[in-house]
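Here is the structure we will look at.
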Amino acid sequence: MPELPEVETIVRTYRPRLVGRRFVAFSSRWPKQASPSVPRLRRAIVGRTVTRLDRRGKYIVFQLAPPGFLLVHLRMSGRFEWAAEHNGEPRHVRTIWTLDNGNRLLFCDARKFGRIIYTDDLSAVIGSFGVEPLERGFTSARLRELLRGRARQLKPLLLDQSVIAGLGNIYTDEALFVAGLHPLLRADQLKPGQVTALRQAIRSVLREAIRRQGTSFDWAYLGGRMQDHLRVYGRTGEPCQRCGSAIQSLRVAQRGTHICPKCQPRGRKC
DNA sequence: TGGTATGTTCCAAA
DNA sequence: TTTTGGAACATACC
């Protein structure tokens with residue numbers, strides 16, 4: 001589920017019900033997800049109060065008082081749920097936080113790839129992250145700097161969290177389509193106008209996805225409506241909304257990739 | 001049955 | 001040093 005728009009949606013949804021609450025218990029059914037160990041994480045957070053809930057890249061960041069940070073990364077299939085007294089338990093519950101008002105926050109994760117981290121030093125975990133694409137600092141000049149001297153293929157560069165924090169496979173494909181750029185272009189060969197178009201495309205695609213509360217993806221994430229508005233991702237063989245050509249799929253950096261072959265030429269131009 | 005999957009990380013090789 | 005490809009993590013779905 002989780003790219004920047006989905007994580008942002010989750011943070012906005014859960015913030016009012018978590019900020020101001022104190023953790024009174026923590027338990028895990030899949031200890032490998034917790035770092036450091038489950039007992040150390042429990043000692044670190046129980047008795048502490050959530051003062052802020054924020055997003056950095058694809059991480060959900062709980063700021064605690066006394067000072068400390070609880071970070072959750074959903075990876076492929078993680079999601080939050082509230083425990084309900086009736087209705088039985090959701091599937092794939094891996095971790096449970098009990099709050100001082102009696103509510104229980106569940107971390108469900110079918111594939112067990114998600115990560116839960118306690119740290120005193122936030123920068124130790126996310127210090128190497130790149131620019132937040134929706135913040136002021138993400139200017140065309142900044143993007144030009146990030147691409148300069150990089151012989152790398154454009155798509156894997158955009159997926160690299162140390163370059164730009166928060167883009168994943170869906171929105172990278174969408175942004176490249178909107179910008180009219182082929183995913184295999186060499187990053188340092190974009191012309192200034194193309195860099196500007198790419199920066200604009202990334203921001204508009206992410207903003208639209210947040211407005212639609214993210215992309216629902218079968219059993220892993222529900223609630224968003226962006227899946228009905230994707231331009232290329234998952235639309236192999238369907239007509240391009242701009243030119244009518246059939247959307248093609250290819251592999252780039254071991255990731256499924258979707259393009260309009262006419263609107264995203266490999267050569268120059270478009 | 002086999003191929004695919006919204007993510008990250010480690011390793012080897014070019 | 002930079003970049004790329006492959007495997008691993010573990011499970012569900014079609």
Side-chain angles (χ1 to χ4, degrees), chain A residues 1-11 28-35 55-60 71-80 90-95 107-117 124-130 133 146-176 183-189 202 205-206 208-210 212-237 249-258:
Chain A
M1 90 162 71
E3 300 185 32
L4 186 153
E6 291 77 31
V7 177
E8 181 66 27
T9 300
I10 291 164
V11 165
S28 173
R29 303 175 187 176
W30 185 249
K32 287 174 73 172
Q33 292 188 309
S35 169
R55 177 191 61 74
R56 178 76 172 99
K58 300 173 192 171
Y59 273 100
I60 299 163
L71 292 94
V72 176
H73 199 303
L74 306 167
R75 294 278 183 100
M76 295 287 267
S77 61
R79 61 193 161 84
F80 281 165
R91 300 190 62 181
H92 312 301
V93 175
R94 309 297 181 195
T95 298
F107 182 57
C108 308
D109 185 15
R111 290 174 66 178
K112 301 178 179 173
F113 283 174
R115 291 292 176 266
I116 298 165
I117 299 166
V125 182
I126 60 172
S128 63
F129 275 25
L146 293 171
L147 303 182
R148 190 170 55 206
R150 308 300 300 270
R152 235 173 142 185
Q153 296 167 344
L154 191 50
K155 173 162 173 172
L157 187 90
L158 296 176
L159 287 170
D160 186 336
Q161 302 299 298
S162 70
V163 178
I164 299 173
L167 286 178
N169 206 34
I170 294 177
Y171 300 112
T172 299
D173 278 6
E174 294 294 302
L176 287 170
L184 291 175
L185 288 172
R186 264 181 56 153
D188 60 2
Q189 289 185 339
I202 290 169
V205 161
L206 292 176
E208 179 188 3
I210 290 172
R212 301 191 192 281
Q213 301 184 290
T215 300
S216 294
F217 204 88
D218 32 67
W219 42 275
Y221 175 80
L222 300 172
R225 298 176 310 280
M226 187 63 193
Q227 67 279 4
D228 299 326
H229 301 271
L230 296 175
R231 296 157 176 89
V232 287
Y233 184 88
R235 310 199 75 85
T236 307
S249 62
L250 59 156
R251 295 307 281 187
V252 177
Q254 292 95 246
R255 310 300 300 277
T257 300
H258 312 74

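The chains referred to below are lettered A, B, ... by the order of the sequence lines, with proteins before strands, and numbering in each begins at 1. Note that these values count all heavy atoms, side chains included, but never hydrogens, waters or copies made by symmetry. No experiment lies behind these values; they were computed from the predicted model shown.
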Report yes or no: do H92(A) and D109(A) form a side-chain donor-acceptor pair below 3.5 Å? no

Tell me which of Q254(A) and K32(A) sits closer to the 5' end of DNA chain C, going by the nucleotide each one is nearest to. Q254(A)

For side-chain contact (heavy atoms from CB on, under 4.5 Å), just list the numbers for Y233(A) and Y171(A), CA-CA rounded to whole Å, side-chain angles, deciding distance to a tenth of an Å, and then say yes or no. CA-CA 8 Å; Y233(A) 184 88; Y171(A) 300 112; over 6 Å; no

Heavy-atom nearest pair, D173(A) first then G256(A), reads OD2-O, 3.8 Å

For DNA chain B, report each stem as range with range, ordered by first number, or say none. Use Watson-Crick or G-U wobble pairs under 3.5 Å, at least 3 in a row. B:2-5 with C:11-14, B:7-14 with C:2-9

Whether R79(A) side chain and S77(A) backbone form a donor-acceptor pair below 3.5 Å: no

Under 4.0 angstrom, heavy atoms only, what part of the nucleic acid is G214(A) near: base, sugar-phosphate, or nothing? nothing

Only one of V163(A), T172(A), L146(A) passes side-chain contact (heavy atoms from CB on, under 4.5 Å) with L158(A); say which it is. T172(A)

E6(A) atom CD is separated from dA5(B) atom P, nearest whole Å, by 17 Å

Of L159(A) and R111(A), whose nearest nucleotide on DNA chain B comes first from the 5' end? R111(A)

Just to be sure I understand the rule, does R152(A) reach a base, reach only the sugar-phosphate, or reach nothing, if contact means heavy atoms closer than 4.0 Å? sugar-phosphate

Please classify the nucleic acid contact of R251(A) as base, sugar-phosphate, or nothing, using heavy-atom distances under 4.0 Å. sugar-phosphate

Distance in angstrom units between M76(A) CE and dA5(B) C1', rounded: 5 Å

Can you check the distance between dC9(C) and dT1(B), where both ends of the measurement are the C1' atom (answer in whole Å)? 22 Å

Atom pair distance, as rounded to whole Å: CD in Q153(A) and C1' in dA14(B): 14 Å

Rounded interatomic separation in angstrom, taking CZ from R56(A) and P from dT8(B): 13 Å

F107(A): which residues meet the ring pair (Phe, Tyr, Trp, His ring centres under 6.0 Å) condition with it, sequence neighbours left out? none

Whole angstroms only, please: what is the CD1-C1' distance between I116(A) and dG7(B)? 16 Å

So, E208(A) and R231(A), do they make that salt bridge, N to O below 4.0 Å? yes

What range of DNA chain C does chain A touch, first nucleotide to last, counting atoms under 4.0 Å from its heavy atoms? dT3(C) to dC13(C)

Integer-rounded Å distance: dT8(B) P and L158(A) CG: 14 Å

Spacing of R255(A) atom CZ relative to dT9(B) atom C1', expressed in whole Å: 13 Å

Quick check on dT8(B): is either OP1 or OP2 less than 4.0 Å from any side-chain nitrogen or oxygen of H73(A)? yes

Integer angstrom distance from the P of dG6(C) to that of dG3(B): 15 Å

How would you label the contact of R115(A) with the nucleic acid (heavy atoms, under 4.0 Å): base, sugar-phosphate, or nothing? nothing

Pair D160(A)-R152(A), salt bridge (charged side-chain N to carboxylate O under 4.0 Å, His left out): steps then yes or no: CA-CA 11 Å; D160(A) 186 336; R152(A) 235 173 142 185; 2.9 Å; yes

Has Q161(A) got a side-chain N or O lying under 4.0 Å from the OP1 or OP2 atom of dT8(B)? yes

Under 4.0 Å, heavy atoms only, any strand: does Y233(A) hit a base, just the sugar-phosphate, or nothing? sugar-phosphate

Carboxylate-amine/guanidinium proximity below 4.0 Å for R212(A) and D228(A): no

To the nearest Å, give me how far apart NE2 (H258(A)) and C1' (dT4(B)) are. 11 Å

Are the side chains of L157(A) and R150(A) in touch, meaning some heavy atoms are under 4.5 Å apart? yes

